[in-house]
Visitor: 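For reference, the structure I am asking about is given below.
Along the sequence shown, the residues carry numbers beginning at 1.
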Amino acid sequence: MSAVVTLKKGEGRLLKKGGAWIFDNEIASVMGAYENGDIVFVKDFDGYPLGRGFINNNSKIRVRILTRDINQEIDEEFLRNRLVAAWEYRKKTVDTSSCRLVFGEADFLPGITIDKYEDVLVVESLALGIDRLKPLILKLLVEILIKDGISIRGIYERSDAKERLKEGMEKTKGFIGEPFDPRVIITENGVRYYVDVENGQKTGFFLDQKYNRLAIQTLAKGAKVLDCFTHTGSFALNAAKAGAKSVLALDASETALDMAKRNAELNGFDQVSFDRQDIPKYLPKLIESGETYDLVILDPPAFAKSRDNVRNAKRAYRELNKNGMKLVRDGGYLATCSCSHFMTRELFEEMLHLAAGDAHVRLRQVEARTQGPDHPILWNAGETSYLKFYIMQVVREPRG
């Protein structure tokens, strides 16, 4: 018999709205023996059943719900059904050659993400309970893919994020099963990339921006483009693929730029140049020199990594976007984004209004976008929504 977690009266608001997390301060009692990572029953203060999930006393997120059905066994059939549903959803919504196959809470498997890069899987496990189920999850997922005619040559683990420490687990990375060449060539939007699943950022590549990169292609044809925070060149190469006249791609990381240059060579794009720069400091110099661009792309790292530094992050985003707008010619376009969950859409739009005032320009919205469908947003599970992406036309007032 599993232990029973009972909530305090009035608590569990996020859970009852559709979320998957129960925090430590919401719990009135835990009755019965259990170990961290075990599956427990969850009930409201009045005994009403709320579901089953795994518990961990090391985490502020004390319980992560797997099912709302208190009678549902968390067994092989349960996991297979979850994984089949996730795969069928991807087949309907995205190009599955390279995509996120499992997105944690949004696929009702909290704490685990699994990415597919052609014939390689990369797994990141950030919660103790799901970590115990990880071997079975991977076994079942490979079986599902093989049944659909998709071969997998290897699995690599990238559970090296600091979030694991909050769960009382050590960071870990390495091959699951037989070693293989961790360098993969993927194709996205007609552009080819080298992906290093062993040493690349996150699980090797930022799959969530796939369709945002595609969205800038129509604006890039024949354009002079500035791509800031290019990382391994993804936006820059999409602009080149679309027929940009020239692309200047900036990043502070020499390692990232080396990979970006290799990616440009892989595609035969010779109109892209790369420069290592501290971008917030470099953009004012470009403005001073009189440079302008038809399209400016701003894809910075998350400035707001916690709720505590949102104010400072908003200030940094505002300065960056002000300078980006100043570098756009009259009638040109700005593509700008934030990948921080804590920088909400409302805060980001407010920042853009302020930055436009600072730059003395007016903005006409072309598109407001988010992460790709393979990173689905589960409503009322705020942690699944994080990417804001806007394409704006930048207009200056005509002078009399």
Visitor: When you look at K91 and E88, which way does the salt bridge (charged side-chain N to carboxylate O under 4.0 Å, His left out) test go after all the steps?
Guide: CA-CA 5 Å; K91 289 195 294 182; E88 291 298 321; 3.0 Å; yes

Visitor: Do NZ/NE/NH1/NH2 and the carboxylate oxygens of R90 and D107 come within less than 4.0 Å?
Guide: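 Salt bridge flag = yes for D107 with R90.
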
Visitor: So do F108 and L378 actually touch side chain to side chain, heavy atoms under 4.5 Å?
Guide: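 Yes, close enough: below the 4.5 Å cut-off.
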
Visitor: Give a yes-or-no answer on whether the side chains of N212 and R369 include a donor-acceptor pair shorter than 3.5 Å.
Guide: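 The criterion, which ignores hydrogens and geometry beyond distance, is satisfied for R369 and N212.
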
Visitor: Can R64 be said to sit on top of F54's aromatic six-ring, NZ or CZ under 6.0 Å from centre and within 45° of the ring axis?
Guide: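 Not flagged: R64 not positioned over aromatic ring of F54.
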
Visitor: Does NZ or CZ of R153 lie under 6.0 Å from the centre of the six-membered ring of F180, at an angle within 45° of the ring axis?
Guide: no

Visitor: Do D258 and T255 have side-chain atoms, one donor and one acceptor, less than 3.5 Å apart?
Guide: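 D258 vs T255: no donor-acceptor pair found between side chains.
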
Visitor: Mind jotting down which residue pairs meet the side-chain hydrogen bond (donor to acceptor under 3.5 Å, both in side chains) criterion with at least one end in residues 371-381? Sequence neighbours excluded, please.
Guide: none

Visitor: Assess, by modelled atom type and distance only, whether the side chains of D119 and S151 contain a donor and an acceptor separated by less than 3.5 Å.
Guide: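 Judged by distance alone, the side chains do not pair up.
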
Visitor: Between the side chains of D46 and K9, is the shortest nitrogen-to-carboxylate-oxygen separation below 4.0 Å, so that they form an ion pair?
Guide: no

Visitor: With the side chain counted from C-beta on, respond yes when I391 and I216 share a heavy-atom pair under 4.5 Å apart, and no when they do not.
Guide: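 Side-chain contact under 4.5 Å: yes.
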
Visitor: Identify, with sequence neighbours excluded, every residue that meets ring-ring contact (aromatic ring centres under 6.0 Å, His included) alongside Y211.
Guide: none

Visitor: Under 4.0 Å between a side-chain nitrogen and a carboxylate oxygen: does that hold for E118 and K116?
Guide: no

Visitor: Assess, by modelled atom type and distance only, whether the side chains of S253 and D251 contain a donor and an acceptor separated by less than 3.5 Å.
Guide: no

Visitor: Could you report the tightest heavy-atom contact between A127 and E167, atom names first, then the distance?
Guide: CA-OE1, 3.5 Å

Visitor: Assess whether a salt bridge exists between K202 and E124, defined as any Lys/Arg side-chain N lying under 4.0 Å from an Asp/Glu carboxylate O.
Guide: no

Visitor: In terms of ring plane angle, is the pair Y193 and F205 parallel, tilted or perpendicular, where the classes change at 30° and 60°?
Guide: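 Correct class here is tilted.
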
Visitor: Do E188 and K210 have side chains that get closer than 4.5 Å, going by heavy atoms?
Guide: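 Heavy-atom side-chain distance check passes, below 4.5 Å.
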
Visitor: Could you point out which residue of V120, V195, V197 forms a side-chain contact (heavy atoms from CB on, under 4.5 Å) with P182?
Guide: V197

Visitor: What's the verdict on salt bridge (charged side-chain N to carboxylate O under 4.0 Å, His left out) for D196 and R183, showing C-alpha distance, side-chain angles and the deciding distance?
Guide: CA-CA 5 Å; D196 183 352; R183 295 167 296 180; over 6 Å; no

Visitor: Does K224 count as lying over the ring of Y293, i.e. NZ or CZ under 6.0 Å from the six-ring centre, within 45 degrees of the axis?
Guide: yes

Visitor: Find the distance between CG (N25) and CD1 (I27) and round it off to the nearest 0.5 Å.
Guide: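 Answer rounded to 0.5 Å: 8.5 Å.
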
Visitor: Any side-chain heavy-atom pair from R164 and S125 closer than 4.5 angstrom?
Guide: yes

Visitor: What I want to find out is whether E265 reaches K261 closely enough, with some N-O distance under 4.0 Å, to be called a salt bridge.
Guide: no

